Amino acid sequence: MPATVIVGAQWGDEGKGKIVDLLAQDSDVVCRYQGGPNAGHTVIVDGETFKFRQLPSGIVSGKVSVLGNGCVVDPEVLLGEMDELAERGISVEGLRISGNAHLIMPWHIALDGASERRLGKLQIGTTRRGIGPAYADKASRIGIRVQDLLDPKILRQKIETALAEKNVWLERVYELQPFDLEEVAGRYEGYARRLREFVADTSLLVDVALREGKSVLLEGAQGTLLDLDHGTYPFVTSSNPVAGAAATGIGIGPTRIDKVLGVSKAYVTRVGAGPFPSEMEASVGARVRELGQEYGTVTGRERRPGWLDLVGLRYAVRLNGITSLALTKLDVLSTFDELRICVRYRLPDGSETPDFPAHQSDFHHCEAVLETLPGWHEPLDDCSSVADLPPAARAYVERVERELEVPVQLVGTGAEREQVLARG
Ligand code: GDP
Ligand code: IMO
Ligand code: MG
């Protein structure tokens with residue numbers, strides 16, 4: 001299928017990187033459409049691990065890899081990743097960066113950290129990579145874009161204009177050191193010299209690829225419940241991970257998208273603060289954290305594990321128009337006598353609902369209605385198809401399909417590229 005969106009159906013870290021890498025084998029172009037180095041996408045090939053924060057996961061397979069206009073780009077992180085890949089013998093020749101993507105500047109990172117410290121107990125728990133402040137400047141129309149790297153004079157002018165305001169904030173509001181124009185301009189001119197050759201009209205590039213019948217993957221970062229409009233605001237990121245945003249984030253029409261593959265863990269995790277109805281009790285959560293190695297790819301923070309939340313997933317199917325699902329990390333559940341799944345939410349007035357609450361006060365105070373399902377103990381390593389799964393594991397997958405009315409196309413049985421069962 002020519003254009004497929006791969007979207008996180010939960011709170012991020014669903015295993016998107018692995019699924020994108022797998023599908024990239026049969027694709028021509030892989031595009032990131034939003035987010036920045038707050039992402040951490042893990043790809044494991046032949047025992048070698050890659051963790052992509054800024055680059056599209058297709059780069060490891062030598063595919064044309066696009067950072068779309070909807071992304072925010074930290075040049076230091078990007079160049080660091082490019083250098084690391086080069087050291088590992090992987091070419092980054094296929095990289096193309098939209099001139100309309102916005103740059104993360106050093107003050108964005110400083111302001112992200114300062115604002116979190118100021119919020120104290122109310123903090124969002126951001127990755128502190130400057131994501132929120134960079135998107136805020138984009139919306140305020142005072143951002144600096146990748147295309148500004150093409151002209152040293154314009155770049156310096158824009159940095160000077162930005163600093164005139166940002167330094168006031170840093171010094172007077174947050175009592176932090178100001179940034180020096182010469183230092184920042186010099187540093188970004190250096191980045192510019194290295195990145196210029198990768199700047200391209202990526203909207204046109206993707207359009208041409210689709211017209212030529214090539215296969216294009218649109219790789220989401222974060223996840224549906226972290227979406228700025230539809231997620232658990234304010235505990236969200238500052239972009240739109242939902243599939244509809246792939247069209248604006250790349251610069252193609254929505255009618256060009258053929259398929260939307262939602263990626264969900266067989267349970268759920270959340271990193272950072274915010275309400276979480278199906279969160280596991282501490283001892284069970286600790287066990288899943290160890291079994292699934294649930295630690296943040298970017299920040300190393302402990303992820304909070306929860307039981308599979310069908311209410312959240314039903315919402316993700318609706319918001320993204322998910323046409324099929326990848327259910328990852330089923331192997332992690334292979335040691336439980338019994339499993340739980342969240343089938344409905346119980347609202348503060350005692351009523352129960354299968355639908356995600358539209359208002360935050362309902363969501364903040366709802367309880368997960370959990371159902372108990374039989375577990376299984378057999379490892380999944382020897383399964384070569386979904387039909388080979390232990391009966392309880394197969395029933396678990398089929399239950400998800402029945403509840404969501406969407407086929408589970410891929411089942412993850414381990415972190416390596418090959419450890420996946422495909423259906424259909
Ligand atoms: P992403 O941000 O959605 O790309 O996900 P992350 O890479 O942050 O986190 C997913 C983690 O689970 C990574 O460490 C992957 O290597 C790992 N992983 C992905 N799929 C599977 C799976 O099916 N089984 C197991 N055990 N690990 C998996
Ligand atoms: P991938 O692409 C999980 C979370 C942060 C915080 C909130 C806002 O690897 O799935 P931000 O730095 O974006 O302003 O932080 O969003 N968050 C993620 N959680 N996976 C991610 O990316 C995330 N990117 C941001 O923990 O709660
Ligand atoms: Mg991640």
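Counting convention: from 1, in listed order, for ligands and their atoms alike. Since this is a predicted model, take the numbers as computed values, not measurements.
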Check: Has Q293 got any heavy atom lying under 4.0 angstrom from an atom of ligand 1?
Finding: no
Next item on the list: Tell me, please, whether F336 has R287 positioned over its six-membered ring: NZ or CZ under 6.0 Å from the ring centre and within 45 degrees of its axis?
Entry: yes
Note to self: If you count every heavy atom of other residues, nucleotides or ligands that lies below 6.0 Å from E175 atom CD, does the total exceed 12?
What the structure shows: no
Margin query: Looking at K265 and E14, is there a salt bridge between them, counting it only when a charged N and a carboxylate O are closer than 4.0 Å?
Written below: no
Notebook entry, point to check: Any N or O of V271 that comes nearer than 3.5 Å to an N or O of ligand 2?
Noted result: yes
Check: Under a 4.5 Å cut-off applied to non-hydrogen side-chain atoms, are V66 and V29 in contact?
Finding: yes
Margin query: Among all the protein's non-hydrogen atoms, which is closest to atom 3 (C) of ligand 2, and how far away is it?
Written below: D13 OD2, 3.2 Å
Notebook entry, point to check: How far is atom 10 (C) of ligand 1 from its nearest protein heavy atom, and which residue and atom name does that atom have?
Noted result: D13 O, 3.8 Å
Next item on the list: Assess K16 for proximity to ligand 2: is some non-hydrogen atom of it under 4.0 Å away?
Entry: yes
Checklist line | Contacting atoms of ligand 1, where contact means under 4.0 angstrom from a heavy atom of E14 | finding: 3 (O), 5 (O)
Item checked: Backbone or side-chain N or O of G414 under 3.5 Å from ligand 1 N or O -> yes
Check: Does a side-chain heavy-atom distance below 4.5 Å link Q360 with T232?
Finding: no
Item checked: N or O contact, S238 vs ligand 2, cut-off under 3.5 Å -> no
Notebook entry, point to check: Would W11 and F276 count as a close aromatic pair, with their ring centres under 6.0 Å?
Noted result: yes
Margin query: Can you name the atoms of ligand 1, numbered from 1 with element, that are less than 4.0 Å from a heavy atom of T413?
Written below: 23 (O)
Next item on the list: Check ligand 1 against T42 and write out every atom of the ligand that is under 4.0 Å from a heavy-atom position of the residue.
Entry: 4 (O), 6 (P), 7 (O), 13 (C), 14 (O), 15 (C), 16 (O)
Margin query: Under 2.8 Å from the Mg ion (ligand 3), is there any N, O or S atom belonging to G40?
Written below: yes
Item checked: N-O pairing of R256 and D207 below 4.0 Å -> yes
Check: Mind checking whether E416 has a heavy atom under 4.0 Å from ligand 1?
Finding: no
Item checked: side chain to side chain contact (heavy atoms under 4.5 Å, CB included) partner of L410, chosen from L261, L327, L325 -> L261
Item checked: Flag side-chain contact, heavy atom, 4.5 Å: Q409 against L421 -> no
Next item on the list: Have a look at ligand 2 and work out which part of R270, if any, has a heavy atom under 4.0 Å from it: side chain, backbone, both or neither.
Entry: neither
Note to self: For R172, is the CZ atom crowded, meaning more than 12 foreign heavy atoms sit under 6.0 Å from it?
What the structure shows: no
Notebook entry, point to check: Of Q54, Q222, R129, R53, which meets side-chain hydrogen bond (donor to acceptor under 3.5 Å, both in side chains) against N38?
Noted result: Q222
Check: Taking side chain as C-beta onward, heavy atoms only, is F50 less than 4.5 Å from T42?
Finding: no
Notebook entry, point to check: Of D26, V5, L23, I19, which is the lone residue that meets side chain to side chain contact (heavy atoms under 4.5 Å, CB included) with L217?
Noted result: L23
Notebook entry, point to check: How far is atom 15 (O) of ligand 2 from its nearest protein heavy atom, and which residue and atom name does that atom have?
Noted result: T126 CA, 3.3 Å
Notebook entry, point to check: Can you name the N, O or S atom of D13 that is closest to the Mg ion (ligand 3)?
Noted result: OD1
Next item on the list: Among all protein heavy atoms, pick the one closest to atom 12 (O) of ligand 1 and tell me residue, atom and distance.
Entry: K329 NZ, 2.9 Å
Item checked: Contacting atoms of ligand 1, where contact means under 4.0 angstrom from a heavy atom of G412 -> 23 (O)
Next item on the list: Could you tell me which atoms of ligand 2, counted from 1 in the order shown, lie closer than 4.0 angstrom to a heavy atom of A39?
Entry: 1 (P), 2 (O), 9 (O), 22 (O)
Next item on the list: May I ask you to check whether K265 has an N/O atom sitting below 3.5 Å from an N/O atom of ligand 1?
Entry: no
Checklist line | Nearest candidate to atom 17 (N) of ligand 2, where distance is taken over non-hydrogen atoms, out of T232, D112, L226, V236 | finding: L226
Checklist line | Y174 six-ring face occupied by R117 cation (under 6.0 Å, within 45°) | finding: no
Notebook entry, point to check: Measuring from the heavy atoms of G8, does anything fall under 4.0 Å of ligand 1?
Noted result: no
Check: Atom CG in D74, atom CD1 in I109: separation rounded to 0.5 Å?
Finding: 4.5 Å
Notebook entry, point to check: If you measure from each non-hydrogen atom of R303 to ligand 1, which part falls under 4.0 Å: side chain, backbone, both or neither?
Noted result: side chain
Note to self: Polar contacts were defined as any N/O atom of the residue lying under 3.5 Å from an N/O atom of the ligand; does this apply to T237 and ligand 2?
What the structure shows: yes
Notebook entry, point to check: What are the atoms of ligand 2, with element, lying closer than 4.0 Å to any heavy atom of W11?
Noted result: 3 (C), 19 (N)
Note to self: Please state which option from G17, G292, G40 has its nearest heavy atom closest to atom 6 (P) of ligand 1.
What the structure shows: G40
Next item on the list: Check whether any N or O atom of I44, backbone or side chain, sits under 3.5 Å from an N or O atom of ligand 1, and answer yes or no.
Entry: no
Margin query: Are any of the N/O atoms on G12, whether in the backbone or the side chain, positioned under 3.5 angstrom from an N/O atom of ligand 2?
Written below: no
Margin query: Please identify which of these residues, R304, R303, R289, meets the salt bridge (Lys or Arg N to Asp or Glu O under 4.0 Å) condition with E279.
Written below: R304
Next item on the list: Record the part of K18 in heavy-atom contact with ligand 1 below 4.0 Å; permitted values are side chain, backbone, both and neither.
Entry: side chain
Next item on the list: Measure the distances from the heavy atoms of G8 to every atom of ligand 2 and state whether one is below 4.0 angstrom.
Entry: no
Next item on the list: Using a cut-off of 6.0 Å, state whether more than 12 heavy atoms not belonging to E93 lie near its atom CD.
Entry: no
Item checked: L373 side chain near Y396 side chain, heavy-atom distance below 4.5 Å -> yes
Item checked: Those atoms of ligand 2 less than 4.0 Å from some heavy atom in R301 -> 5 (C), 26 (O)
Note to self: Quick check: T127 and ligand 2, any N/O pair under 3.5 Å apart?
What the structure shows: yes
Item checked: Closest protein heavy atom (residue, atom, distance) for atom 25 (C) of ligand 2 -> Q222 CG, 3.7 Å
Checklist line | Residue I124 vicinity, atoms of ligand 2 by number, heavy atom under 4.0 Å | finding: 27 (O)
Item checked: Those atoms of ligand 2 less than 4.0 Å from some heavy atom in G125 -> 5 (C), 6 (C), 26 (O), 27 (O)
Margin query: Within ligand 2, which atoms have a heavy atom of A221 less than 4.0 Å away?
Written below: 2 (O)
Next item on the list: Using distance alone, with no hydrogens and no angle criterion, decide if S57 and D21 have a side-chain donor and acceptor under 3.5 Å apart.
Entry: no
Notebook entry, point to check: Under a 4.5 Å cut-off applied to non-hydrogen side-chain atoms, are V420 and V411 in contact?
Noted result: no
Checklist line | Option whose closest heavy atom lies nearest to atom 24 (N) of ligand 1, chosen from D331, I19, V420, T49 | finding: D331
